[in-house]
Amino acid sequence: MKKLIDGPDAVVADALRGMAAAHPGLRVDVERRIVTRTDAPRQGKVGLVSGGGSGHEPLHIGLVGLGMLDAACPGEVFTSPVPDQIQAATAAVDGGQGVLHVVKNYTGDVLNFQMAAELAGDDGVDVATVLVNDDVAVEDSTHTAGRRGTGATLFVEKIAGALAEDGAALKEVTAAGKEVVERSRSFGVALTPCTVPAAGRPGFELGDDEIELGVGIHGEPGRERGPMRGAAEIVDVAMSAINDDMPLQGDLLVMVNGMGGTPLSELYVVFADVERWLSGRARITRSLVGNYVTSLDMTGCSITVCLLTPQLTQLWDEPVNTPGLRWGC
Amino acid sequence: MKKLIDGPDAVVADALRGMAAAHPGLRVDVERRIVTRTDAPRQGKVGLVSGGGSGHEPLHIGLVGLGMLDAACPGEVFTSPVPDQIQAATAAVDGGQGVLHVVKNYTGDVLNFQMAAELAGDDGVDVATVLVNDDVAVEDSTHTAGRRGTGATLFVEKIAGALAEDGAALKEVTAAGKEVVERSRSFGVALTPCTVPAAGRPGFELGDDEIELGVGIHGEPGRERGPMRGAAEIVDVAMSAINDDMPLQGDLLVMVNGMGGTPLSELYVVFADVERWLSGRARITRSLVGNYVTSLDMTGCSITVCLLTPQLTQLWDEPVNTPGLRWGC
Amino acid sequence: MADEFDAGIAREWVRVIAVRVSEQATYLGELDGAIGDGDHGGNLDRGFAAAVGKLDRTTDSAREVLTATGGALISAVGGASGPLYGTYFRKLARALPEHGGASAAELGAALQVGVDGVRALGGAAEGDKTMVDALVPAAAAFAETATDGLPAAAVAAAEAARRGADATVPLRARKGRASYLGERSEGHLDPGAASSALVLAALAEVVGG
Amino acid sequence: MADEFDAGIAREWVRVIAVRVSEQATYLGELDGAIGDGDHGGNLDRGFAAAVGKLDRTTDSAREVLTATGGALISAVGGASGPLYGTYFRKLARALPEHGGASAAELGAALQVGVDGVRALGGAAEGDKTMVDALVPAAAAFAETATDGLPAAAVAAAEAARRGADATVPLRARKGRASYLGERSEGHLDPGAASSALVLAALAEVVGG
Ligand SMILES: Nc1ncnc2c1ncn2[C@@H]1O[C@H](COP(=O)(O)OP(=O)(O)O)[C@@H](O)[C@H]1O
Ligand SMILES: Nc1ncnc2c1ncn2[C@@H]1O[C@H](COP(=O)(O)OP(=O)(O)O)[C@@H](O)[C@H]1O
Ligand SMILES: [Mg+2]
Ligand SMILES: [Mg+2]
Ligand SMILES: [Mg+2]
Ligand SMILES: [Mg+2]
């Protein structure tokens, strides 16, 4: 394993130290592992808190700022944060209007956020939760832990964040977040695995001519392992899976997201193929192409689609100022 | 080789198609391989044109827009663009005040831009050139092609771009670009090599415990090949090389740039180490951490430092709106 | 050979779990790597190390010792297993007498309360291929043999947990990360069930069974 | 066996270069991979394929044929070798008679003008480990033996180019990408010198030497 780190156990803290140095506009508590906006808590504004395992940067710590998250709680690499940490973040951003937790649907995240919400409730904070479960690669049934939360998390954070910034109440912000979840689907593909620093070796193995279709953002296996193929064919698998689950029509927000190790040029190639795949069915009116919800150094990409409404489009367009996503200011 | 592409020879054109689809704010001529601002040529404004081999994205095609480049000319992967292409881009952005070419110091880039400048001159366009040669890993002597142009290219494009946006004359814009070059230095490190799509295999080989110190952005070898070590030690090698060449003091703009395959969290770890290295010597007042001047899927990073002046800081802070760099609007 | 589950034994239980988890961390990680994300060993190692650091060394109440253990697990682990094991220890602690130690019968009832807490929090039933598959038979075996004394009951519980864990191998996971694998989860030992067997074996070890 | 370097031979020269470059593209790429960026074969392959596509099939002027070739190389290659070979062909073309073909002596003088163009553009001198190290002795040998007729002169030039190229092996590069390597560039054949040898060998081939 070759990584630019100063010891595998220090990665999360050291990266937070780097963030603190690079972004004076954020308050970074390295000890407690909480990143907050410097102006938090904002009185009268609903607070937005998210978090999850580290290794998906810029999600979540790079998405704190105006128009998006008020605080993020990074856990160990690929391990959810703990309740005390989430509770502290929740308290730090409560401006009296309650706090929304944006939670990716993994048992660890769900349970730790649930405990934190109880603790925060005991502190008198009104907490609501949006559970993100957009990954169509996972069978959604009572016989599983349900679908994983992946790329749509960023959409939820941006759109709920804009509404919170506009002064909407917790109920409305929560409803908008849930609407985004309902209208969003993702599908991921891995070309090569990722290496967790503490493990020191790849989390799974893929042959020289093999790819994992429907991979999760921790390298969890998906629908099938199959032979390598061209980008257009990979896009066809991903878009068909999404479209089968949620017929695509109207105006779409599409993100072609890199897993961390894939060059931007390839993501644009994929985006061109997605646009071609959609032509005649639906229209991409908003898009993101880049590394947003990553899996350390994994190569591959995920595609996330959201069926827009005029209100969602408008919220998407509102100003955002975070290290990872910025426009309008 | 596993890549998200539809054929190794189509990568550049397909990526441009993706850019065209994703960025309606840019005019993308896939055929002639020119990306321009939709509002070009702007009468009375100096035009900024850059370009170079593809594979370094977002440099240059992702840095076209308000406050930065007016046009970019992508060549084949790691191969400079051709004179006709550069000439056409130059003509497309000439608003009567002349055009600045920002050229990285590689023989291919230098010769092709030089020929283009002659052709544009024949067309009656006033062309000036800023040659970027910031890579301290290369010995700078009459016995070499001189230092390579790497990370500082982005600084030149941003700062000269801001000045051009403010309506400055070609002479001033050129002078500012040259000032940035004089005050900037870079040093790169590769942990693993990159694979050019057409070649299909890594451009060089590195052992499991070996790194290349002073690597170029095409994987060209640098000062030495040495054993893998911690981020702080790598930072010490890079910062010492930079500091030996240009003593660091005062206010600095520092970029910790990913080579394409390195996770953002590691770049923040490196940034934390850079800040620690500088403490007591100089102050980082502006920074960038992310993938900006990449080498396809190479893992590793480069560090670029610019000695700021109040004017350079102000120009750095001015609004920019490109796919790869955006703030203030 | 202990007749009462007192604060000293409770502390020793946590310490021995920490040692065994640390010894088996790589193994537990490999089990989790096969059908999860490979961090179960590291998670529990971090968690029980924190629990040892938070051991209440002054109290004579087993209840207080294990309440602190549950809290430490919840605060230090992060993964699914943190809240689940944390809840296990906190709930079972709350079912112990307020002061002093517990009899075998009292501990048996408490282990049952602990499992119920895990089931309530995680929503897993027996057969879902989780730690529940080891913890449920362990509590039942303990309660059934409590009249034979603490050591015998603990041994019976440890054996039942081990059998319960082994029985997860052919199952298809319906909870946790392994459930994403569908039928590909069959043929693997569940890491949480394996660590539960280890927790109960540690109990047998410290009560001298 | 040709006595005059006419438009037909000029076209054939370009076609044969294109074939040889395509055959040797991998080899040239490997040479460039060792001390450059590995694209020299691909660059010239793309360039000469474009040049063949742009061959002026109607003219009887060798000068016009090769002017078009130079332009095609400049427009299609991109790397350092594009402007350099493009300039070589454009400059040598301009030194040829305006109409019709050229004598051996005229071609010899033109090859010299071509090399001067390369030197002026790239700033490389002999011994800098570049294509110049093959092109300079080739032009000299051609001029010296021009009185023996076109085929003999072309063969002499091809041999000189080959020797010049081989002599780059021990040199340390002072121009182009290979110069970054410093002493590590020693012991390798310069890819541009190798392709120049191939260009001159193609000339010998088409004039029947
Ligand atoms: N809903 C659940 N109920 C009970 N146990 C569960 C549940 N989900 C997961 N587990 C247990 O947790 C174990 C995994 O723990 P761990 O690897 O530490 O957490 P994570 O899955 O978050 O990485 C599984 O092997 C399983 O025994
Ligand atoms: N300044 C120069 N003058 C003459 N020839 C040069 C010069 N720089 C490079 N070359 C030649 O160009 C060759 C490399 O060409 P190529 O690989 O196509 O371009 P690039 O270096 O841009 O990738 C070198 O082997 C050398 O012979
Ligand atoms: Mg985990
Ligand atoms: Mg090249
Ligand atoms: Mg796990
Ligand atoms: Mg080359």
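Note: hydrogens, waters and symmetry copies are ignored here, and every other heavy atom, side chains too, is used. Below, chains carry the letters A, B, ... as their sequence lines are ordered, and counting in each starts from 1.
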Between B:Val196, B:Val138, B:Thr107, B:Asn112, which has the largest tally of heavy atom pairs under 4.5 Å with chain D?
B:Asn112
Chain B contacts, top residue of D:Asp39, D:Asp128, D:Asp37 (heavy-atom pairs, under 4.5 Å):
D:Asp39
Write down the atom of D:Tyr180, the atom of B:Arg148, and the distance for their closest heavy-atom approach.
CZ-CG, 3.3 Å
Between D:Ser179 (side chain) and B:Ala145 (backbone), is there a donor-acceptor pair under 3.5 Å?
yes
Identify which of D:Gly176, D:Ala34, D:Ala173 forms the greatest number of heavy-atom pairs closer than 4.5 Å to chain B.
D:Gly176
Using non-hydrogen atoms and a 4.5 Å limit, figure out which bit of B:Asp84 sits close to chain D: side chain, backbone, both or neither.
side chain
Can you find a pair of side-chain heavy atoms, one from D:Leu84 and one from B:Leu111, that are under 4.5 Å apart?
yes
Counting heavy-atom pairs under 4.5 Å to chain D, which of B:His218, B:Gln85, B:Arg147 comes out on top?
B:His218
In this structure, CZ of D:Arg184 is separated from CZ of B:Arg225 (nearest 0.5 Å) by 6.5 Å
With a 4.5 Å cut-off on heavy-atom pairs, point out which of D:Val77, D:Leu181, D:Ile35, D:Leu121 contacts chain B the most.
D:Leu121
Is chain D contacted by the side chain of B:Asp9, its backbone, both, or neither, given a heavy-atom distance below 4.5 Å?
neither
With a 4.5 angstrom heavy-atom cut-off, could you sort out which part of D:Arg172 is near chain B: side chain, backbone, both or neither?
neither
With chain D, which of B:Phe78, B:Phe204, B:Tyr106 has the greatest number of heavy-atom pairs at distances under 4.5 Å?
B:Tyr106
If I measure from the heavy atoms of chain B, does D:Ala76 come under 4.5 Å with its side chain, its backbone, both, or neither?
backbone
Contact part of B:Gln114 toward chain D, heavy-atom cut-off under 4.5 Å: side chain, backbone, both or neither?
side chain
Let's test your reading of the structure: which of D:Ala80, D:Gly78, D:Ser75 forms the most heavy-atom pairs below 4.5 Å with chain B?
D:Gly78
Going by heavy atoms in the side chains, are B:Glu76 and D:Asn43 under 4.5 Å from each other?
no
